[in-house]
Amino acid sequence: MSTQTPQISGSTAAEIADSVRGLVDRGHLSPGEALPPVRALAERLGVNRNTAVAAYRTLARSGVVVSQGRAGTRVARRSRVPQEGFAAAGPLRDVGNGNPDPRWIPDLGPALATAAGRRPVLYGDPVIDPDLKAWASEWMAPDVPVAAQDLHLTLTGGAVDAVERLLAQALLRDDTVALEDPCFLASIHLAQLGGYRAVPVPVDAEGMTVEGLRSALDQGVRAVVSTPRAQNPTGASLSARRAAALREVLADHPFVLVIQDDYFSYLSRQPFHSIVGPDHERWALVRSVSKFAGPDMCLAVMASDADTASRLGLRLQPGTTWVSHLLQRITHSVMTDPSALTLIERAGRHYAERNTAFADLLTDEGLPAEAGDGMSLWVSLPVSARAVAERLTRRGWLVRTGDEFRLEPSEKPSRHLRLTVHDLTETEAVSLAGDLVDAVRTAG
């Protein structure tokens, strides 16, 4: 730190941490810049060494600094986290975006005309449109641990918005949350921006692992975020056996908030299995319409316990009190239209069939692959995914490696690719499969 720069001050751990945060916020400490060693800082400030250690630990948990062991402590670099559905593809064919196919999204025109022609909504009207509430209650009631008459519904601006609000009403900065690993990109964003400490729970072919969840609970997590079907990026769905085992583990932690993000719902080829038992106190089931009604339909339905619903209502009051009734009415119109429901069912089959067909292509080429559920395919490689991705780039393909979906950085490169192949023609699919197998061979 330059002699011209204001120095770190404080006599308690909290004051020292606040001082460092202020210096970082004002640009007096730059990303990557080294902080004084703990012993030197303690001597200069006239405090116990443990006080300086506690201050640095607080800063590290908040993401302000990074501890590098013997290399010291440095101001954290603000690296950009990959964004779901977007990549700077340029001239490359993007097969890593995770987007739905527009051809399988229902035409919203007639629903929009109907919604716009109804009476305008005014302040004081119910926040959930009565027709949508009736439909949403039927959608959610079979899969929650309460009777239909005790169902508490909340609408949010999509599944990510729902999870963010749920975590914000339950957690404080530095609290721990259990997230699947590999993890949905938006969940990684939420943990970082909220200042939560993410505890990784490994995912296998049957979903979140029992030992992983048990370990996270032993570490004191206050919330768990689980994807029961079409886990992103792996495509794993919870089996009935795995869900029962997870419920048994959670039974000893009834006040840990369990969020189930069933984002793929209508499109999934797998049954829904809940990890929330009948006596669990804090829970929420989230279902978005974005994957089948279109990403611009920013609406998610959430069912939760009464206390969580009440807290969410209080958080909504100062800002977005309700989700636009135009979106609500469009959603209801689409989801009660037989032709739209038929198209959505065909879309689910299409995604599953295209993923399976591409997995079979790879297997026939000597690279064994299995299709899970969801928009994309999780491909296991015998070599570094980065090396394969670089070679595919030279052949005109943009892919996502498993490194982007990790909760914690690792020196060991990922050996997985997430591919979105459902909109490829037969010729393109064959070409990509051949290029991928060749890239694996040359990388190896």
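Everything numeric in this text was worked out from a predicted model, so none of it was measured. Along the sequence shown, residues are numbered consecutively beginning with 1.
- Under the 4.0 Å criterion applied to side-chain N and carboxylate O atoms, R287 and D262 are assigned as salt-bridge partners.
- Rounded to the nearest 0.5 Å, atoms CZ (R386) and CG (D403) are 4.0 Å apart.
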Given the rule in the side-chain contact (heavy atoms from CB on, under 4.5 Å) test, do L327 and L155 qualify, once you have shown the distances and angles that lead to the verdict? CA-CA 11 Å; L327 285 180; L155 298 186; over 6 Å; no
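- Taking a cutoff of 4.0 Å between a charged side-chain nitrogen and a carboxylate oxygen, R418 and E404 do not qualify as a salt bridge.
- For the pair N97 (side chain) and T420 (backbone), a donor-acceptor distance under 3.5 Å is absent.
- For the pair Q328 (side chain) and V323 (backbone), a donor-acceptor distance under 3.5 Å is present.
- Electrostatic pairing of D125 and R119 counts as a salt bridge here, judged by a charged N lying under 4.0 Å from a carboxylate O.
- No side-chain donor-acceptor contact under 3.5 Å links S30 to the backbone of E33.
- The 12-atom threshold is exceeded at CZ of R395, counting heavy atoms of other residues, nucleotides or ligands nearer than 6.0 Å.
- Two rings, from H416 and W378, have their centers less than 6.0 Å apart.
- The shortest non-hydrogen separation linking V334 to A111 is CG2-CB, 4.1 Å.
- The environment of CD in E365 is crowded: more than 12 heavy-atom neighbours from other residues, nucleotides or ligands sit within 6.0 Å.
- Minimum interatomic distance between T393 and L92 (heavy atoms only, all atoms of both residues): O-CD2, 3.6 Å.
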Start with the C-alpha gap between R329 and V121, add the side-chain angles, then the distance that decides, and say whether side-chain contact (heavy atoms from CB on, under 4.5 Å) holds. CA-CA 11 Å; R329 291 168 178 175; V121 175; 3.6 Å; yes
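- With hydrogens and angles disregarded, a donor-acceptor distance shorter than 3.5 Å links the side chain of R415 to the backbone of P382.
- For the pair Q260 (side chain) and P228 (backbone), a donor-acceptor distance under 3.5 Å is absent.
- Between the side chains of T209 and D204, not a single donor N or O lies within less than 3.5 Å of an accepting N or O.
- A pairwise comparison of heavy atoms in A243 and S274 identifies CB-O, 3.6 Å as the closest pair.
- S137 is listed as a side-chain neighbour of K133, based on a closest heavy-atom distance under 4.5 Å.
- The backbone N or O of W283 sits nowhere less than 3.5 Å from a side-chain atom of S304 that would complete a donor-acceptor pair.
- Residues L179 and V199 are not in side-chain contact: their nearest non-hydrogen atoms beyond the backbone lie 4.5 Å or more apart.
- Of the possible donor and acceptor atoms, one in the side chain of T342 sits under 3.5 Å from a partner among the backbone N and O of P338.
- Ring geometry for H422 against H350 counts as perpendicular: the plane angle is over 60°, on a 0 to 90° scale with 30° as the lower cut.
- When side chains are defined from C-beta on, D218 counts as touching R214, because their heavy atoms get closer than 4.5 Å.
- Other residues, nucleotides and ligands contribute at most 12 non-hydrogen atoms within 6.0 Å of the CZ atom of R26.
- In this structure, I105 and P295 have side chains that are in contact, with non-hydrogen atoms separated by less than 4.5 Å.
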Set out, in order, the CA-CA distance, both residues' side-chain angles and the distance that settles side-chain contact (heavy atoms from CB on, under 4.5 Å) for F264 and T227, then state yes or no. CA-CA 9 Å; F264 208 55; T227 313; over 6 Å; no
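- Here CG of L29 is found 12.0 Å from CZ of R74. Values are rounded to the nearest 0.5 Å.
- Annotation: side chain of M208 is in contact with side chain of V224 (closest heavy-atom distance under 4.5 Å).
- Not counting sequence neighbours, E138 has no partner by the salt bridge (Lys or Arg N to Asp or Glu O under 4.0 Å) test.
- A salt bridge is defined here as a Lys NZ or Arg NE, NH1 or NH2 lying under 4.0 Å from an Asp or Glu carboxylate O, and D129 with R118 meets this definition.
- The closest donor-acceptor contact from the side chain of Q169 to the backbone of L166 lies under 3.5 Å.
- Between atom CG of residue L299 and atom CG of residue L326 there is a gap of 11.5 Å, rounded to the nearest 0.5 Å.
- Between L419 atom CG and L432 atom CG the span is 6.0 Å, to the nearest 0.5 Å.
- Residue R349 qualifies as enclosed at atom CZ: its count of foreign heavy atoms under 6.0 Å is above 12.
- Heavy atoms only, all atoms of each residue included: G444 and V383 are closest at CA-CG1, 3.6 Å.
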Before you tell me yes or no, could you show the steps for S239 and H273 under side-chain contact (heavy atoms from CB on, under 4.5 Å), namely the whole-Å CA-CA distance, both residues' side-chain angles and the distance that decides it to 0.1 Å? CA-CA 7 Å; S239 65; H273 297 297; 5.6 Å; no
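- Between L361 atom CG and L367 atom CG the span is 11.5 Å, to the nearest 0.5 Å.
- Taking a 6.0 Å sphere around CZ of R391, one finds it holds more than 12 heavy atoms contributed by other residues, nucleotides or ligands.
- D101 approaches R103 most closely through the heavy-atom pair OD2-NH2, 2.5 Å.
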Any chance you could lay out the salt bridge (Lys or Arg N to Asp or Glu O under 4.0 Å) test for R269 and E345, step after step, and finish with the verdict? CA-CA 10 Å; R269 303 295 92 188; E345 170 61 25; 3.2 Å; yes
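- Counted by atom type alone, R165 and T156 present zero donor-acceptor pairs between their side chains at under 3.5 Å.
- Using a 4.5 Å heavy-atom cutoff, the side chains of E180 and S226 are in contact.
- Put simply, the side chain of H325 never gets that close to the backbone of L122: no donor and acceptor are under 3.5 Å apart.
- Nearest heavy atoms, A236 versus G207: CB-N, 4.0 Å.
- A 4.5 Å side-chain heavy-atom check between M335 and F292 finds at least one atom pair inside the cut-off.
- Note on E248 versus R242: no salt bridge recorded, every NZ/NE/NH1/NH2 to OD/OE distance being 4.0 Å or above.
- Using a 4.5 Å cut-off on side-chain heavy atoms (C-beta onward), Y263 and F184 make no contact.
- With hydrogens and angles disregarded, a donor-acceptor distance shorter than 3.5 Å links the side chain of D175 to the backbone of L172.
- Interatomic distance, S265 OG to L285 CG, rounded to the nearest 0.5 Å: 9.0 Å.
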